[in-house]
Structure formats: C-alpha cells, structure tokens
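Report on the following structure.
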Amino acid sequence: MAELCRTDSSLAALDEEVLWEMLEDHRCRIVCSICPSRLTPYLRQAKVLGQLDEEEVLHGPRFTNTAMRVGHLLDLLKTRGKNGALALLESLKFHNADVYTLVTGLQPAVDFSSFSGLMETSKLTECLAGAISSLQEELSQEKGQKEALLQQSRRLQERLEQAEARERSLRQLEAEHGRMQREVSARFHEVLKLKDEMLGLSLHYSNALQEKELATTRCRSLQEELYLVKQELQREKMSSSCERESRERSLKMASGLEPEDEELSRLKEENERLRSLTFSLAEKDILEQNLDEALETRQQLVDRIHSLRERAVAAERQRKQYWEEKEQTLLQFQKTQADCEIYKERLGALQSHVVELQKERDQAYSARDGAQVEISQSLTEKDALRRKVFELTDQVCRLRQQLQAKLLPPGPKEEVGPREPCPKGKQRLTRTFALCPRDDGSPSESQLCSDLSATSSRELVDSFRSSSPVPPSQQSLYKRAAEDFREDPWSFSSCPEILEVDQGSCLGAKVDDADLDYEIVDRADLPESENSLQPSSGDPCLSTSSIPVRRRPARKILSQVTVLAFQGDALLEQISVIGGNLTGIFIHRVTPGSAADQMALRPGTQITMVETEPLSKAVLEGMTLERAVRLLQRVNGFCCLSVKVNVEGYKKLVQDMEAKVATSGDSFYIRVNLAMEGRAEGELQVHCNDVLHITDTLFQGGSCWHAHRVSPQCTKGTEHGAVPNYTRAQQLLIGLIQDMAHQSTVARKQPSGGARKLVRIVSVDRTKASPLWSSFDGGQLDPSWAEEPPTMGFWAESCFTLVPYTLVHPRRPSQARPVLFVPGVVGKILIKKLCLLHGFKRCLAEYLSQEEYDTSCQRGDIIQEREAPGGHYCVTRRAVESLMEKNTHALLDVRLDSICVLHKMEVFPIIIHVSINEKVAKKFKKALQRLGTTEDQLLEAARQEEGELDKAPCLYSSLAPDSWSDLDALLGCVRLAIADEQKTVVWTEQSPH
C-alpha cells in the first residue's frame with residue numbers, strides 16, 4: 001500500500017472503490033481500535049454525518065458493543081461515497097495515527113494545506129478544540145475517579161486493620177474467658193473437697209468431746225467413792241480405840257487399883273472426852289469443806305446441763321437435717337430403681353426386636369434359597385423350550401428360502417445344504433439373507449427387490465422377525481433386542497457385541513462398501529455356536545469359508561442420556577472411574593481395544609445407571625464412589641450402561657483433584673451416631689454427635705473412609721484420620737447396643753451432664769430413602785447386588801435399618817435465630833426473665849379465624865396450633881420472621897416436633913438443653929410453685945423430652961448442672977450459649993424421605 005500511495009494529495013486522486021477497498025482490507029483492525037465518539041465530531045463538521053446518524057451510532061439500542069457501533073459507522077460513511085472515505089482517513093490522522101499509517105502507508109502530518117477541503121479551517125480549529133476539551137474532561141474525570149478509589153481503598157484498609165485488631169482482642173478475651181472458666185471449675189472442686197474435710201473434722205471433734213465428758217463423769221464418781229471410803233475408815237478407827245480403852249479399864253478395875261489410880265483413870269476419861277470433842281470439830285470442818293465442794297460441783301453440773309441442752313437442740317436440728325437427706329436419698333434411690341427397671345424393659349424389648357430381626361433374616365434366606373431353586377428350574381425349562389423354538393425357526397427359514405428360490409427367475413443356483421439346528425446360544429444379528437454389494441449390478445437383484453417391496457415395507461415397521469432381504473429397521477432391531485433381553489439376558493454373554501443395521505438401505509440402490517463397513521470373519525475364528533450355522537443356498541454371497549459381519553461403527557455419545565448394551569466382562573478392567581456423590585461417576589480411563597473402547601466410551605463420559613439383568617439395576621447419580629466401584633466390580637457379562645457426555649463437569653473434577661480441593665468429588669458431611677475409639681494408628685477417635693467431612697470413601701482399599709473433624713465455627717477440618725465405612729460402622733453400632741444390653745452397669749442411671757453419650761438411635765425406611773442414603777445402605781438396589789450378608793437381619797422383610805452416619809449440610813443464617821428451650825417447663829421460666837433483656841422477645845401465638853387458618857395451612861405457615869372457640873391460636877411463620885428482621889431472638893414456647901416444620905421454612909432455631917436432676921429441680925422450687933408444677937413433674941417431663949431430643953434434625957447446646965448455682969447464673973449461661981450458637985454453623989440433617 002505504501003508503494004501505491006506516497007503523498008496525501010494522491011489519496012484525493014484515487015477512486016472511491018480503491019479508497020473503500022483500502023479501508024475494507026483493514027476493517028477488522030479499524031473496528032477493534034477506534035472509538036466512534038471521538039470521530040463523530042469531525043465527521044459532522046465534514047458534513048458526511050448528520051445529527052441523527054451520530055445519535056444512532058452512539059446511542060442505538062441495537063448495538064451492544066463498540067465494535068458494532070464502529071461497523072455501523074463505516075456502513076454509513078460508505079453510503080457517502082468518496083467524501084466519506086476521505087473524511088474518515090483525515091479523522092484517523094488525528095485520533096488513530098497507527099491505523100492511518102496501516103491503511104494508507106503514510107506517516108500522519110498535520111498540514112492544513114493537505115486536507116481534502118471538505119471543511120473550512122475555522123471549523124476545523126473549532127472541532128479540534130472541542131475534541132481536546134472533551135479529552136481533558138475525560139482525563140479530569142478519570143483522575144477524580146482514581147482519587148475516589150484511592151480514598152475508598154484507604155478507608156477499607158483502615159476498617160480491615162480495625163477489624164483485625166478487634167478480632168485479636170476478641171480471641172484474647174475468649175482465651176481469658178476459657179482460662180477463667182477452667183480456674184472457676186478447679187476452685188469449685190477444691191471447695192467441695194474442703195467442705196468434705198471440714199465435715200469429717202467436726203465429726204471427730206464431737207466424738208472427742210463426748211469421750212471427754214464420759215471421762216470427767218467417771219473421775220467424779222471415783223472421787224465420791226474415795227470420800228465415802230475415808231469416812232468409813234475413820235469410823236472404824238474410832239470404834240476400835242473405844243473398844244481398846246474399855247478393855248483396859250475393865251482389867252484395871254479387876255486388879256484393884258488404888259485411889260490415885262482412880263483419879264488417873266478419871267483424868268484419862270476426861271482426856272478421851274476432850275479428844276472425842278476435838279475429833280467432832282475436825283469432822284465438822286471436813287463436812288463444811290465437803291459442802292463447799294458439793295456446791296461448786298452443783299454449779300458445774302448446772303452449767304454442764306445447760307451446755308448439754310444446747311448440744312441436744314443442735315443435735316436434734318442436725319438429726320432432722322440428716323432425716324431429710326435420708327428421705328431425699330431414699331426418693332432418689334426409688335427413682336433410680338424405677339429408671340433402672342425402665343431401661344431393663346427397653347433393653348429387653350430391643351433384644352426381643354433383635355431376635356425377631358434374626359428370625360426374619362433366616363426366613364428371608366430360606367425364601368431366597370427357594371426362589372433360587374425355582375428360578376433354576378424355570379431356566380432349565382426355558383432352555384428346553386428355546387431349543388424347540390430354534391428348531392422351528394430353522395425350519396421356517398428353510399421354507400422361506402425355498403419360497404424365495406421359486407420366486408427368483410431361472411439362473412445358476414447352488415444346492416441347498418442341510419442346516420443343522422441352532423445350539424443353545426443365540427446367533428449374533430448378522431445379515432443372513434442380505435446380498436453383499438457388488439460392483440456390477442444384477443437384474444435379478446432389482447427384480448427381487450421389486451417383487452418383495454410390499455412385504456419389506458410392511459415388515460420394516462411391524463415385524464421384528466423379518467425375513468426380507470432389506471435390512472431391518474431401527475425400531476425392529478430395538479424390539480428384537482428388548483424381547484431377547486427379557487427372555488434370557490444371560491444368553492447375550494455368548495455374543496461379543498450387538499450389531500446395528502442401517503435403516504432404509506435397499507438392494508436396488510447402490511450401496512457403498514465404506515458405508516456398510518463389512519468385515520469378512522473366518523469361520524474358524526467364530527464361536528462354536530456360530531460354526532454350527534451352515535450357509536444357506538439363498539445367499540449367493542455367503543461361502544463355506546467366510547461370513548460377512550456388520551461391524552458397529554464408533555458413534556458419538558450425545559449430551560442426553562444414551563443406553564449402551566455390550567459385553568462387559570470384568571468391566572472395571574476395561575474402564576476406571578472417579579468422582580462420586582453429587583459430582584457424579586465419570587469414566588477416567590478406557591483400556592484400548594476393549595469392548596468399552598469399541599462402544600466409543602471415552603474419558604469424560606458420565607455413567608448414570610447400570611443394568612445387568614431384569615429388575616437388577618442401580619442408579620449411580622448421587623452414589624458414593626465406594627458403592628459405585630463395588631457395583632461395577634460385579635458386572636461380568638452382558639450389561640446396559642446409561643451414559644451421557646459431561647466434559648465440563650469432568651474437567652472441573654480433574655482440576656479440583658489436581659488442586660486437592662477437599663469439597664469436590666467424593667465429598668460430603670456426616671453426623672456420627674455412635675462413639676468410636678481410634679485404637680489403631682491413623683484412626684480418628686470420634687464421639688457421638690460429632691460432624692465429620694468425608695473426603696475419600698476408598699481410603700485404605702475401601703474398608704475405611706478418610707474424614708476430617710469439623711470445627712463448630714466453620715466447615716474447615718481440624719483433625720483427620722480414618723473412620724469405618726458405613727457397613728462396618730453399622731456392625732459396630734449393633735455390637736455396641738448388644739453390649740449395652742448385656743452390661744448391668746449400663747442400666748444404672750448416668751448423672752445428667754456427666755459421661756458422654758455413646759449411642760444415638762436413628763432408624764430409616766429404605767423404601768423411602770433418598771439416593772444418597774441408598775448409596776450407604778443399598779436401599780435402592782436389588783438384594784442380589786449386596787456385597788455380603790448384612791448383619792442382624794437388615795436385609796430381612798423389615799424395611800427399617802439402623803443408621804450409624806447421618807448426612808448433614810451446613811447452613812449460615814445471617815439474622816438472629818429463634819431460641820427453643822428443653823425441657824419446656826424450664827423454658828417458660830427462662831422466657832419470662834429473658835423478655836426483660838434487650839435483644840430477646842417472646843413469640844406470641846396469634847388468634848386466626850377459620851378462613852385465615854385454612855389459608856395459612858395451604859401456605860405451610862403454621863408452626864404450632866391449638867384450637868379455640870371459633871378459630872385457632874397459632875404460632876405462625878410471619879410472627880417469627882418479623883422478629884428475625886428486627887435482629888431479635890424470638891423465644892419460642894413450642895414442642896420439639898416443630899423443629900422439622902421450622903427447617904422446612906428455612907428457619908433454624910437455637911436449641912438450649914438444660915440438664916435436670918433432683919438437685920437441680922430444687923433450685924426451681926419457687927418458680928415451679930408459681931407455675932403450679934411439682935418437682936416430680938419437672939423430672940418426668942425432662943426425661944421424656946430428652947428422649948425426643950435425639951430425633952431433632954440438628955445439633956443442640958447442653959448446659960451441665962454444675963455450671964450454674966442459681967437462676968441468675970443460669971440466665972448468664974443461657975445468654976453466653978445463645979451468643980456462641982449464633983456464631984456457629986448450623987448442621988441440618990438431610991431427610992431420607
């Protein structure tokens with residue numbers, strides 16, 4: 001182009017066609033490079049574009065992008081002829097110099113003398129000034145937008161830093177709160193220990209005081225006895241001295257003493273009298289002393305009696321307290337004994353149920369054996385009848401061949417050899433009576449086709465046992481395959497493939513060999529059942545050494561579901577699969593040269609269903625990879641696969657697998673219904689009601705699943721390891737229930753809030769289960785596909801089975817969730833107190849007339865109802881959602897069965913369970929009296945609602961009895977639990993129905 005146009009003046013000398021040819025050669029670059037809003041002002045000044053044309057180009061609703069607007073602009077300028085082309089090139093010189101150089105081969109030079117003269121210089125200057133001002137305005141607007149975006153990014157960065165600082169502070173507060181709670185619990189246990197030690201010391205002190213009092217009493221009694229003995233000794237001494245003096249006096253008188261002796265005796269008597277008088281005064285002093293001591297002893301006894309009376313009053317008060325505690329202990333023992341009897345009855349009923357299930361299993365096994373015997377007998381009879389049918393069919397074929405031979409014009413014919421009857425195996429669908437195409441046309445072929453045209457046209461639609469030389473129709477082939485498959489599906493195992501014949505081909509037409517795609521198969525390579533078929537004389541192209549066989553062409557599988565029937569011997573050796581669950585089962589590898597490869601199965605093909613015999617089929621959509629591999633391993637013979645092409649899903653799955661995305665492929669969440677100890681290395685220890693994220697169902701050869709324990713605040717896994725698969729977990733669940741039934745210690749009541757829960761009994765009806773549930777327990781499959789005899793008769797006549805794992809899905813409500821308390825009596829007490837706090841409000845029941853009630857029932861807005869005169873009192877969805885929109889927790893006083901109704905409404909309540917025992921029930925004594933309820937009724941209601949709580953389709957928060965001391969402390973614990981539950985993820989169980 002540069003050689004053609006060297007100067008600007010030469011452009012004006014060029015013809016219109018040459019100019020537009022230059023522009024059209026670079027139309028694509030022009031459309032992609034220029035902006036129409038910059039060119040239109042100059043083009044309007046050049047008078048090659050009007051105002052309406054400019055508005056249509058810039059604002060026309062038909063043009064959705066800039067390329068379409070530029071293309072329309074070029075079309076308008078082309079109608080203006082040479083002036084339009086010159087004006088466009090001059091505008092490109094100003095605004096798109098590179099495009100101008102590309103089109104003309106000239107360097108743009110701003111020379112006013114070189115313009116085409118389409119517009120005046122003043123107008124050109126005005127146009128350029130306007131264009132420059134518009135560019136400056138756009139530049140200023142872009143600068144303003146840039147500044148605004150920078151300020152917004154700074155504000156967002158500051159908010160992000162504030163949020164991170166707040167998060168760090170909250171984490172520190174949470175850690176401090178947890179530490180303080182642990183310290184409080186430790187101090188509480190220490191206080192309990194000190195109380196017990198203090199009670200023991202007080203008992204020891206009281207015993208020591210009693211022993212001291214006994215010793216003091218004994219000492220005083222011994223002192224009194226000693227005093228009495230001393231007095232008795234003095235009396236004896238006085239009597240003995242008197243007797244001695246009397247004896248001496250009598251002896252002296254008898255010897256005749258002198259008078260002085262008498263005076264002496266008189267003096268002695270007086271002396272004795274004085275001595276006796278002195279002795280009496282000493283005795284008096286002793287008696288006075290004894291009296292003083294007795295008075296002092298009496299005062300001490302009075303003081304002691306007073307203290308004993310005080311101790312007796314305290315002992316009586318303590319005796320009454322001990323008596324009350326004894327009565328409470330006896331009451332608790334009686335209730336515990338009643339609970340023990342109830343548990344024994346339940347366990348006995350469970351054992352009887354297990355025995356019945358075992359009996360039903362044995363009956364099912366015996367019925368299955370009888371059915372298998374009957375089936376084998378019926379198959380034997382069917383084989384005999386089939387041989388007869390084959391013989392009759394062979395005779396009919398020979399008769400038809402003779403009839404055709406009579407209808408053919410005279411010509412060279414071959415002898416009709418005797419044809420042996422067909423063996424048990426069916427022959428493949430070959431073109432037995434069709435003529436091989438030849439290069440030279442034969443008049444007999446066209447005549448034969450014309451003679452049998454009426455019969456052929458009728459049999460193409462109606463008959464699927466056609467003897468016409470015209471190939472059978474597609475409908476006929478489908479009917480034939482369907483009938484043969486219903487009669488004996490396993491007879492297809494002798495056929496390597498089902499051959500298709502193109503519809504509408506006729507002998508009179510010229511058929512190309514490439515379209516028919518025949519293959520001459522040597523008879524020595526055919527199976528024995530095909531070697532027994534002798535070629536018919538009516539077949540001019542069939543020789544004794546070869547048979548023409550129609551090979552199935554490889555065909556593309558469309559996006560809709562396609563059913564492929566072929567010989568699937570050891571199917572998993574021909575293909576390998578990946579995926580699982582909601583992702584689907586995809587073919588990942590196909591063995592070259594296998595039957596699956598010949599059926600055009602390729603990586604990226606999704607398998608939706610597999611069928612091997614009548615009434616034995618399995619839907620693979622929503623099935624785990626483990627279950628799908630188990631089913632495909634059992635495919636060993638003729639099978640039908642329902643497949644569809646899903647390349648986008650396969651590519652995404654492969655990319656996720658390479659990126660190790662845990663939520664793609666064989667991935668789902670479960671809630672564990674039993675406690676399992678991780679004894680072996682690599683096994684994960686789980687508790688009842690834990691939520692696990694399963695990422696691989698073929699872990700360690702398929703006997704285990706690889707799982708991650710999910711944290712409450714998010715769906716990310718914390719610990720990971722192996723857990724038993726569904727079948728093993730179900731066996732562990734049944735074994736754990738049996739152990740609980742045989743252990744007498746389990747029958748004793750566990751203290752509420754103490755040991756962890758071991759088992760959660762969940763049963764499901766397999767006949768109503770969803771596909772993903774069925775992929776666990778095989779509820780949607782034929783029993784003959786079962787991997788092994790199920791434990792405890794769960795393949796018996798009963799449709800209910802125990803569920804060790806329950807499927808759950810994460811929910812993240814953004815609004816304030818309603819609150820439901822268990823038991824309901826405690827909930828009424830707490831609701832009255834929480835209504836006084838900010839952020840909580842009771843959801844009251846509304847009175848609805850009969851018409852309003854019927855309308856709400858049709859919409860499904862009724863949560864709970866009770867009848868009233870002329871209408872109903874109902875807790876409605878509207879009342880709950882109105883409180884949620886105000887970011888207020890709705891306090892619900894409803895039954896536990898309303899939880900499922902709320903979940904259907906996409907409302908997920910917070911469930912707070914307050915554990916109740918006899919000690920806790922006393923703390924509600926005054927509140928229960930105001931409600932007109934007794935402690936026994938509270939305990940009974942708590943026991944019933946705790947049993948119903950296991951059936952709730954979501955997790956709940958439980959408050960232990962020792963975590964609070966009074967109602968105010970309980971209220972604080974409840975508020976903390978509600979705040980924590982509002983932050984956590986809600987795991988809802990998927991209903992199996």
Side-chain angles (χ1 to χ4, degrees), residues 32-33 35 37-38 64-67 132-182 648 651-653 655-665 667 669 691 693 695 708-720 808-819 837-840 881-890 906-908 910 955 957 972 975-988:
C32 297
S33 301
C35 178
S37 60
R38 295 184 178 182
T64 58
N65 51 46
T66 306
I132 291 172
S133 63
S134 64
L135 290 174
Q136 290 177 350
E137 289 177 358
E138 291 178 1
L139 181 60
S140 61
Q141 290 178 0
E142 289 178 357
K143 288 183 179 179
Q145 291 178 358
K146 182 179 179 181
E147 292 294 332
L149 290 175
L150 288 174
Q151 293 178 1
Q152 186 177 2
S153 65
R154 293 193 193 97
R155 289 195 299 270
L156 291 176
Q157 186 68 24
E158 292 176 356
R159 291 177 61 185
L160 180 61
E161 293 175 355
Q162 294 176 0
E164 290 177 352
R166 186 178 179 184
E167 182 182 4
R168 287 194 296 269
S169 63
L170 288 176
R171 287 181 179 175
Q172 292 176 358
L173 290 175
E174 286 179 355
E176 185 68 20
H177 177 67
R179 185 184 61 79
M180 294 179 66
Q181 281 187 342
R182 290 192 295 271
E648 295 296 331
K651 289 182 179 179
K652 185 178 183 304
L653 175 60
Q655 291 175 0
D656 292 344
M657 291 175 63
E658 292 176 353
K660 296 182 179 180
V661 178
T663 57
S664 179
S667 169
Y669 295 93
V691 177
H693 180 200
T695 57
H708 295 259
R709 182 180 282 109
V710 178
S711 61
Q713 278 75 21
C714 61
T715 57
K716 294 182 179 179
T718 54
E719 304 176 23
H720 65 89
V808 292
H809 295 283
R811 307 279 186 172
R812 294 181 179 273
S814 58
Q815 297 176 336
R817 296 163 56 191
V819 183
L837 302 177
H838 176 69
F840 299 92
E881 290 182 347
S882 63
L883 294 176
M884 292 172 62
E885 292 174 355
K886 298 177 183 179
N887 200 19
T888 301
H889 292 284
E906 295 296 323
V907 177
F908 306 102
I910 297 173
L955 300 177
S957 177
R975 293 182 64 186
L976 289 176
I978 292 173
D980 292 340
E981 287 294 319
Q982 182 66 37
K983 299 176 185 177
T984 59
V985 179
V986 183
W987 295 97
T988 60

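For reference, positions follow the sequence shown, starting with 1. Note that the structure is predicted; figures quoted are calculated from it, not measured.
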Q. With sequence neighbours left out, what residues match C32 under side chain to side chain contact (heavy atoms under 4.5 Å, CB included)?
A. C28
Q.
According to side chain to side chain donor-acceptor pair (under 3.5 Å), does anything in residues 139-164 pair up with another residue at least two apart or in another chain? List the pairs.
A. none
Q.
Taking the side chain as everything from C-beta on, heavy atoms only, tell me whether V986 gets closer than 4.5 Å to P813.
A. yes
Q: Please list, chain by chain and in numerical order, all residues satisfying side chain to side chain donor-acceptor pair (under 3.5 Å) with T66, sequence neighbours excluded.
A: none
Q: Could I get the full list of side chain to side chain donor-acceptor pair (under 3.5 Å) partners for Q181, not counting sequence neighbours?
A: H177
Result block: side-chain N/O donor-acceptor pairs under 3.5 angstrom for residues 165-174, not counting sequence neighbours:
from : atom 1 : to   : atom 2 : distance (Å)
E167 : OE2    : R171 : NH2    : 2.6
S169 : OG     : A165 : O      : 3.4
S169 : OG     : R166 : O      : 2.6

Q) Would V691 and V985 count as a side-chain contact (heavy atoms from CB on, under 4.5 Å) if you check the C-alpha gap in whole Å, the side-chain angles of each, and the deciding distance to 0.1 Å? A) CA-CA 11 Å; V691 177; V985 179; over 6 Å; no
Q | Pairwise distance NE2(H720) to OG1(T695) - rounded to 0.5 angstrom | A | 9.5 Å
Which atom pairs, one a donor and one an acceptor, fall under 3.5 Å between side chains of residues 881-888 and the rest of the protein, sequence neighbours left out?
from : atom 1 : to   : atom 2 : distance (Å)
E881 : OE2    : R877 : NE     : 2.8
S882 : OG     : R878 : O      : 3.3
S882 : OG     : A879 : O      : 2.7
T888 : OG1    : K886 : O      : 3.3

Q.
Does anything in residues 808-818 form a salt bridge (Lys or Arg N to Asp or Glu O under 4.0 Å)? List the pairs, not counting sequence neighbours.
A. R811-E906
Q. By side chain to side chain donor-acceptor pair (under 3.5 Å), which residues pair with Q815, not counting sequence neighbours?
A. none
Q) In chain order, what residues pass the side chain to side chain contact (heavy atoms under 4.5 Å, CB included) check against A67, with sequence neighbours excluded? A) V31, N65
Q. Among all residues two or more places apart in sequence or in another chain, which pass the ring-ring contact (aromatic ring centres under 6.0 Å, His included) test with H693?
A. Y669
Q.
Ring-plane angle category for H889 and F840, please: parallel below 30°, perpendicular beyond 60°, tilted otherwise.
A. parallel
(Q) For I910 versus I978, what's the shortest heavy-atom pair and its separation? (A) CD1-O, 3.8 Å
Q | side chain to side chain contact (heavy atoms under 4.5 Å, CB included) partners of E719, counting only residues at least two apart | A | L684, R709
